[in-house]
Amino acid sequence: MSFSPVVAGTGPPEGFWGLSRSWIRVIMLFCRLLPTVFLLLSASVLTPAVAARDATAAEVHSAEPHQDQAGGQQGHVDSGAFLTAVVATHNGDDLDAARAFRAAAAADPSNKDLVKQAFVRSVMAGDPEAVPLAHLNAALPGGQTIISSLVLGNDAAVRGDWPAASRYYQQAGADPMAHLIMPMLQAWCHQAQGQADEAIAALTHIQGSVLVPFYTLHAALIAQVAQKKAQAGDLFALSARMMPGYDLLLTRSYAAWFWAQGEQTKARNLLRSMLEADPVLGLAGTQLQASISHFPVASPQQGVARAYVLTAFLLRQQSLQQSRQSAAGQENRPMPNDHQFDEASRLMLGFALGLDPHLAEARLMLAEIQDDEGHQTAARETLLRIPQTDPLAPVAAFRLALADGSTGNLDEAREKLNRLVQESPNLILPVRALGNTLSAQKDWKGAIAAYTQAIALATPKKAVDWSLLFLRSMAYHEMGDWPHAKADLKAALVLAPDEPVLLNSLGYSMAERKEDLPEAEKLLRRAIALSPQDAAIRDSLGWVRVEQGDLKEGIMLLEQAAEQTPEDPEVNYHLGEAYWRAGRHSEAVDQWNVALGLKPEPGDEALIRAALARAAASGDKKAEQIQHASPAKADAPAGQPGGKQTP
């Protein structure tokens, strides 16, 4: 089967914050052992607007006031505002959803579901209206929640009323997830009240928690804000020894500390090591080096915001792990789904941005979640709110370029990536992404040049990975340059000899050219052994068996592939060709008719029409009719008895 470009991920990796994957797994295992009170709470509070819709469906259709359970009269439901809220929630536009839910709740203030939805969406949007809604929500029966306590605590922090903030945070401490960051929240409350020593002691005396490196980091930040410079340096060093990999906040803070001590070389080397380890952060290398003397946390309010970002990060990693396990069918226990984890993560990011609206790390993570949820417009708006003056602005520009590419705005993506390549000509990531964009535009010559540049940059660092060679081989393949395409595929297989996509691509391409079919079969049998459920590999192996004259096994494999991917025109073409060679002409023509109705690529369409022309020339009336008619719909023809119909 011909192969479509498999583009290796170019977004932020799991280690965007510099943490090693093994450390992330340890954190996730620890978090999975906790009760799921917080997430279950989120599941009930953060349920999409459908829940509120179900709760108020009868009211929407009634213009008359009605009695509540206590005998009081409720107001009219503003159905227009409610429907606007539902649509905005579906589109991931939290601010519009919050405003619309507030309008709906204003018409029926005793409706707890509407008030709750208005409150939560306001929190996620970083809307100041979340505060009065938190008071209103808390006044409802059962409305006092962990979320409202955190909102009111954050509001007190913004107002500088740190004793009140501490009291509100304490109310949320019973929740397992809030309990993880409670030491940091309370420590910053103490620091803001002039009790830095108590705050530092509270954080550094914690033992046995997987988050001890982060507690130590926040103790260092508290010492720095309190101008306890020597103690801050000791704590930064301790945190760095405990933290595997490079944490972005720690590295920037420690580098700024070195700079303030006059140790500029150590500061630059520390920052450079992190940038070399993280290709995404490498995009912002110049800007981060230019701002090396600035401490990222300069106030208790910013410190609390960073604690929420850490919580969002933990939840986000749990979401990604949950998604992988669900896809692999490995999760059997009842757990919150990845959407609920992401909703909870977005809530934490809303807290962070309410405290520090300019926190770029929070916006980058939020945009990533929005993009994963299919809310590309919301993700773009989030990224555009990161100022050009922020050190992480190049990372935002890169993410915007990827968003443009994924939504079909390829010219805009190309322009942004060209600019990033010009600004950072020695970085592989933007050059590779530019190659992907040029491939999407079918500018194969430009794509080959970009991939060649990326390979040249990676070679001295011994960082060439198989996917770069694979991507360039596909561009060569599309240009009709088989010798170069084959050379790249073989070179990629040296780096990744057990990669099914490479084995399939080389094996199928050889079969397509009738080149060394026994070797092609050998490659494809290795591929299917490694990935037995892959329909594309099964189609390729079926086709090579047909080309070798084994119609029995070939048809069996192709029928299985067509059953798995009934809307793939090339699989249907192959199956039709196998039927024709087996003398099952009517079924073959039916299969080609199906393939023609599935909007095949121009090259595949030419093969299908040539097959139909061959059938018509042999006297097949059905093929003749198809040739002179409009292309059939995918589900038009009915299979003949004994044939494998693929609607």
Side-chain angles (χ1 to χ4, degrees), residues 11-12 14 16-19 46 92-95 98 120-128 130 147 150-151 153-155 157-158 177-178 180-181 184-185 188 214 217-218 221 247-253 280-281 284 287-288 291 294-320 341-373 375 378-400 403:
E14 281 186 279
F16 174 69
W17 309 102
L19 296 175
L46 305 181
D93 189 337
D94 290 319
L95 185 58
V120 172
R121 294 298 153 185
S122 296
V123 174
M124 287 185 164
D127 190 343
I147 296 173
L150 292 173
V151 167
N154 296 341
D155 175 60
V158 170
M177 204 69 201
L180 285 176
I181 61 166
M184 289 178 275
L185 299 184
W188 281 109
F214 298 99
L217 169 57
H218 276 257
L221 295 170
D247 174 77
L248 177 59
L249 176 58
L250 169 58
T251 303
R252 291 186 66 192
S253 301
V280 178
L281 286 178
Q287 291 78 357
L288 287 169
S291 63
H294 300 292
F295 284 93
V297 174
S299 70
Q301 190 171 322
Q302 290 179 331
V304 173
R306 295 287 181 161
Y308 283 126
V309 170
L310 172 61
T311 313
F313 171 76
L314 296 175
L315 291 164
R316 174 64 175 155
Q317 294 304 317
Q318 184 65 72
S319 168
L320 295 172
F341 278 111
D342 278 342
E343 286 278 89
S345 182
R346 287 173 59 201
L347 184 71
M348 294 297 108
L349 294 172
F351 287 157
L353 289 169
L355 289 156
D356 186 358
H358 304 297
L359 189 49
E361 290 95 320
R363 294 203 182 279
L364 286 167
M365 196 187 306
L366 176 59
E368 181 183 290
I369 294 171
Q370 290 168 328
D371 186 64
D372 284 354
E373 291 179 341
H375 302 143
R380 281 183 54 82
E381 290 300 317
T382 298
L383 291 168
L384 287 169
R385 293 184 68 182
I386 297 176
Q388 291 296 308
T389 54
D390 191 281
L392 294 177
V395 177
F398 180 70
R399 293 297 307 278
L400 279 168

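Heavy-atom basis, side chains included; hydrogens, waters and symmetry copies ignored.
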Undergrad: Would you check if Arg306 and Met184 make a side-chain contact, meaning some heavy-atom pair closer than 4.5 Å?
TA: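 A side-chain contact is absent here, since even the closest heavy-atom pair is not under 4.5 Å.
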
Undergrad: Are the side chain of Gln301 and the backbone N or O of Leu355 linked by a donor-acceptor pair below 3.5 Å?
TA: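 Yes; judged by distance alone, with no hydrogens or angles, the pair exists.
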
Undergrad: Find out whether Leu383 and Leu364 are in side-chain contact, i.e. whether some heavy atom of one side chain is under 4.5 Å from a heavy atom of the other.
TA: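 A side-chain contact under 4.5 Å exists here.
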
Undergrad: Is any side-chain heavy atom of Phe214 less than 4.5 Å from a side-chain heavy atom of Asp247?
TA: yes

Undergrad: Work out which heavy atom in Pro296 is nearest to a heavy atom in Ser253; give both atom names and the distance.
TA: CG-OG, 3.4 Å

Undergrad: How many angstroms lie between atom CG of Leu353 and atom CZ of Arg385, to the nearest 0.5 angstrom?
TA: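 Result: 8.0 Å between the selected atoms.
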
Undergrad: Minimum heavy-atom separation for Ile386 and Ala393, please, with both atom names.
TA: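 Minimum heavy-atom separation between Ile386 and Ala393: CG2-CA, 4.4 Å.
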
Undergrad: Is it true that a side-chain atom of Arg363 and a backbone atom of Pro357 form a donor plus acceptor pair closer than 3.5 Å?
TA: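 Yes, Arg363 side chain to Pro357 backbone: donor-acceptor pair under 3.5 Å.
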
Undergrad: If every non-hydrogen atom of Asp390 is compared with every non-hydrogen atom of His358, which pair is closest and at what distance?
TA: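 Closest approach of Asp390 to His358: OD2-O, 3.9 Å.
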
Undergrad: Report yes if some heavy atom in the side chain of Ile147 is under 4.5 Å from a heavy atom in the side chain of Phe351; otherwise report no.
TA: yes

Undergrad: Should the pair Arg121-Glu343 be classified as a salt bridge under the 4.0 Å nitrogen-to-oxygen rule?
TA: yes

Undergrad: Testing the basics here: between Ala379 and Gln370, what is the closest heavy-atom pair and its distance to 0.1 Å?
TA: CA-OE1, 3.2 Å

Undergrad: Can you measure from CG (Leu281) to OG1 (Thr251) and round to the nearest 0.5 angstrom?
TA: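 Atom-to-atom, Leu281:CG and Thr251:OG1 are 9.0 Å apart.
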
Undergrad: To check you understand the geometry: which heavy-atom pair defines the closest contact between Arg252 and Leu288, and what is its length?
TA: NE-CD2, 3.7 Å

Undergrad: Taking C-beta and beyond as the side chain, do Leu249 and Val309 meet within less than 4.5 Å on heavy atoms?
TA: no

Undergrad: Pick out which of Asp356, Leu217, Leu221 makes a side chain to side chain contact (heavy atoms under 4.5 Å, CB included) with Val297.
TA: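 The passing option is Leu221.
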
Undergrad: Going by heavy atoms in the side chains, are Met348 and Met365 under 4.5 Å from each other?
TA: no

Undergrad: Would you mind reporting whether Asp372 and Arg316 have side-chain heavy atoms less than 4.5 Å apart?
TA: yes

Undergrad: Quick one: closest heavy-atom pair of His218 and Trp188, and the distance?
TA: ND1-NE1, 3.0 Å

Undergrad: State the CD-CG distance between Glu361 and Leu349, to the nearest 0.5 angstrom.
TA: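 Between atom CD of Glu361 and atom CG of Leu349 there are 11.0 Å.
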
Undergrad: Distance from Tyr308 atom OH to Leu359 atom CG, nearest 0.5 Å?
TA: 13.5 Å

Undergrad: Would you find a donor on one side and an acceptor on the other, under 3.5 Å apart, between the side chain of Asn154 and the backbone of Leu150?
TA: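 Yes; judged by distance alone, with no hydrogens or angles, the pair exists.
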
Undergrad: Enter the distance from His375:NE2 to Leu366:CG here, rounded to the nearest 0.5 Å.
TA: 11.5 Å

Undergrad: To the nearest 0.5 Å, what is the distance between CG on Leu392 and CD on Gln287?
TA: 9.0 Å

